[in-house]
Enquirer: 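The structure follows.
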Number of protein chains: 2
Amino acid sequence: MKGVEEILQQHSLKNTKVRKAVLSVLMRSDKGLSHQDLSRALDVDFDRVTLFRTLHAFEESGILHKIMDPNGIAKYAYTARPAADRHCHAHFICLDCGQVFCLDEEFPLGDMKVPKGFSKTTIDVQIKGYCNKCTAQD
Amino acid sequence: MKGVEEILQQHSLKNTKVRKAVLSVLMRSDKGLSHQDLSRALDVDFDRVTLFRTLHAFEESGILHKIMDPNGIAKYAYTARPAADRHCHAHFICLDCGQVFCLDEEFPLGDMKVPKGFSKTTIDVQIKGYCNKCTAQD
DNA sequence: ATTTAAATGCAACTCTGTTGCGTTGTTTTG
DNA sequence: CAAAACAACGCAACAGAGTTGCATTTAAAT
């Protein structure tokens with residue numbers, strides 16, 4: 001597993017406190033984390049806007065991928081695989097609490113047809129339902 | 001193709017102006033429409049909140065399904081198939097303009113594994129990329 | 001026609017995410 | 001190692017999606 005500082009350098013992103021802290025938290029998480037999740041998880045209090053911009057920077061660099069939860073809240077997850085290796089992300093999204101879980105399983109869905117003039121970038125599979133905690137509470 | 005009023009009745013929803021108008025627009029659309037899209041498409045000006053509540057009611061009844069676009073805006077699309085017939089929705093989502101296109105193609109993805117204690121409801125496939133208009137503008 | 005429960009409209013609010021701008025800090029280059 | 005160059009940060013103010021409470025209206029049942 002690569003180090004945080006190494007990853008930042010590879011993507012020509014400056015090595016700052018926020019970035020190291022955010023990336024470190026996300027690399028250890030098996031769930032997608034929201035802006036709010038992250039600001040709670042971080043010890044130091046960074047500016048709201050800085051955190052938003054950090055997440056954007058990571059997403060554009062391909063370090064993170066974004067998943068929208070059913071409540072319209074963006075969840076970010078660390079992208080272990082390089083962008084070139086086009087595999088198929090799969091996430092479990094809880095319809096109650098909105099948590100996004102990264103699933104291990106992968107899919108050979110490379111040959112999906114899209115309308116004329118459209119270009120594909122990624123294919124995401126979203127399994128929706130209720131997580132263990134939310135199922136138990138019903 | 002079933003009539004709007006018949007559908008509302010089948011789901012024990014009262015037959016009101018908003019509902020007939022909204023459902024009618026959505027049944028004719030091959031794209032997912034947002035709250036804003038709909039309030040523009042409707043001739044009569046309904047209250048913002050009423051429109052939100054209408055969409056919720058339709059979603060809970062299974063008449064519509066909701067897809068979140070990358071900007072965190074909910075898009076609603078008419079569910080032609082009954083809920084019992086568990087097929088796999090596929091949507092094309094434009095990373096630039098955020099439009100959600102319903103694709104015809106379907107998938108035999110019934111046997112996906114989820115963690116212990118989790119329950120599946122639906123499986124959505126999202127193909128992300130750039131639509132014909134946004135590809136042309138680059 | 002009358003009743004009843006659901007749907008509507010209005011006001012006020014919450015929260016995620018954005019934009020502009022001056023300041024700070026990292027990195028590079030002499 | 002100092003200084004310039006530019007990216008990243010913090011603050012303030014804003015924009016827009018979606019929500020909640022409550023009074024009023026309307027669809028449907030008796």
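Below, chains carry the letters A, B, ... as their sequence lines are ordered, and counting in each starts from 1.
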Enquirer: Would you mind telling me which residue lines up with the more 5' stretch of DNA chain D, A:Arg53 or B:Gln36, judged by nearest nucleotide?
Expert: A:Arg53
Enquirer: Remember a base hit wins even if backbone is also touched, and classify A:Arg19 as base, sugar-phosphate or nothing at under 4.0 Å, heavy atoms.
Expert: sugar-phosphate
Enquirer: Looking only at non-hydrogen atoms, find the nearest pair between A:Thr121 and B:Gly129 and report the distance.
Expert: OG1-CA, 3.4 Å
Enquirer: Side chain of B:Val49: nearest nucleotide among D:dA12, D:dG18, D:dT20?
Expert: D:dT20
Enquirer: If we check side chain to side chain contact (heavy atoms under 4.5 Å, CB included) with A:His91, which of these qualifies: A:Lys75, A:Gln99, A:His65?
Expert: A:His65
Enquirer: Using five pairs at either end of the helix from C:dA1-D:dT30 to C:dG30-D:dC1, determine the angle between the two local helix axes and round it to 10 degrees.
Expert: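 Computed from the C1' atoms at both ends, the axes differ by 40°.
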Enquirer: Taking atom CD of B:Gln10 as the centre, report whether more than 12 heavy atoms of other residues, nucleotides or ligands fall under 6.0 Å from it.
Expert: yes
Enquirer: If you look at every strand shown and take non-hydrogen atoms under 4.0 Å, does B:Ala57 touch a base, only sugar-phosphate, or nothing?
Expert: nothing
Enquirer: Measure the spacing between OG of A:Ser24 and OH of A:Tyr78 and express it to the nearest 0.5 Å.
Expert: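 So the gap between those two atoms works out to 11.5 Å.
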Enquirer: Which atom pair, heavy atoms only, marks the closest approach of A:Thr135 to B:Ser119?
Expert: OG1-OG, 3.8 Å
Enquirer: Tell me, which of residues 58-69 of chain A have any heavy atom that sits under 4.0 Å from an atom in DNA chain C?
Expert: none
Enquirer: Can you pull every protein N or O that's under 3.5 Å from an N or O on nucleotides 28-30 of chain D?
Expert:
{"residue": "D:dA28", "atom": "OP1", "partner": "B:Asn15", "partner atom": "N", "Å": "3.0"}

Enquirer: Drop me the distance from A:Asp96's CG to A:Cys131's SG, to the nearest 0.5 angstrom.
Expert: 7.5 Å
Enquirer: With side chain to side chain contact (heavy atoms under 4.5 Å, CB included) as the test, pick out the partner of B:Ser34 among B:Asn71, B:Val100, B:Asp69, B:Ile73.
Expert: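 Looking at B:Asn71, B:Val100, B:Asp69, B:Ile73, the match for B:Ser34 under the side chain to side chain contact (heavy atoms under 4.5 Å, CB included) is B:Ile73.
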Enquirer: Please identify the 5'-most and 3'-most nucleotides of DNA chain C with any atom under 4.0 angstrom from a heavy atom of chain A.
Expert: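 The footprint of chain A covers C:dT16 to C:dT27.
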Enquirer: Is it true that a side-chain atom of A:Arg19 and a backbone atom of A:Lys14 form a donor plus acceptor pair closer than 3.5 Å?
Expert: yes
Enquirer: Given atom CZ of A:Phe52 and atom P of D:dA8, what is their separation to the nearest angstrom?
Expert: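 Spelled out: CZ on A:Phe52 to P on D:dA8 is 18 Å.
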Enquirer: Not counting sequence neighbours, which residues clear salt bridge (Lys or Arg N to Asp or Glu O under 4.0 Å) with B:Lys128? List them please.
Expert: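 Salt bridge (Lys or Arg N to Asp or Glu O under 4.0 Å) check on B:Lys128 returns A:Asp124.
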Enquirer: Name the atoms and distances for all side-chain donor-acceptor pairs under 3.5 Å in residues 44-58 of chain B, with sequence neighbours left out.
Expert:
{"residue": "B:Asp47", "atom": "OD2", "partner": "B:Val49", "partner atom": "N", "Å": "3.0"}
{"residue": "B:Thr54", "atom": "OG1", "partner": "B:Thr50", "partner atom": "O", "Å": "2.7"}

Enquirer: So, does B:His56 get its side chain near the phosphate of D:dT19, meaning an N or O under 4.0 Å from OP1 or OP2?
Expert: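 Yes, B:His56 has a side-chain N/O under 4.0 Å of OP1/OP2 on D:dT19.
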Enquirer: Search all heavy atoms of A:Ile67 against all heavy atoms of A:Ala77 and return the closest pair with its distance.
Expert: CD1-CB, 4.2 Å
Enquirer: Using atom types as modelled and distance alone, determine if a side-chain donor or acceptor of B:Ser29 lies under 3.5 Å from a backbone N or O of B:Lys31.
Expert: yes
Enquirer: Could you check how far CG of B:Leu55 sits from P of D:dT19, rounded to whole Å?
Expert: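 Answer to the nearest Å: 10 Å.
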Enquirer: So, A:Phe92 versus B:Phe118, ring centres under 6.0 angstrom or not?
Expert: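 Close enough - the centres of the two rings lie under 6.0 Å apart.
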Enquirer: Using the closest heavy atom to pick a nucleotide of DNA chain C for each, name whichever of B:Thr54 or A:Ser34 lands nearer the 5' end.
Expert: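 Nearest-nucleotide comparison on DNA chain C picks B:Thr54.
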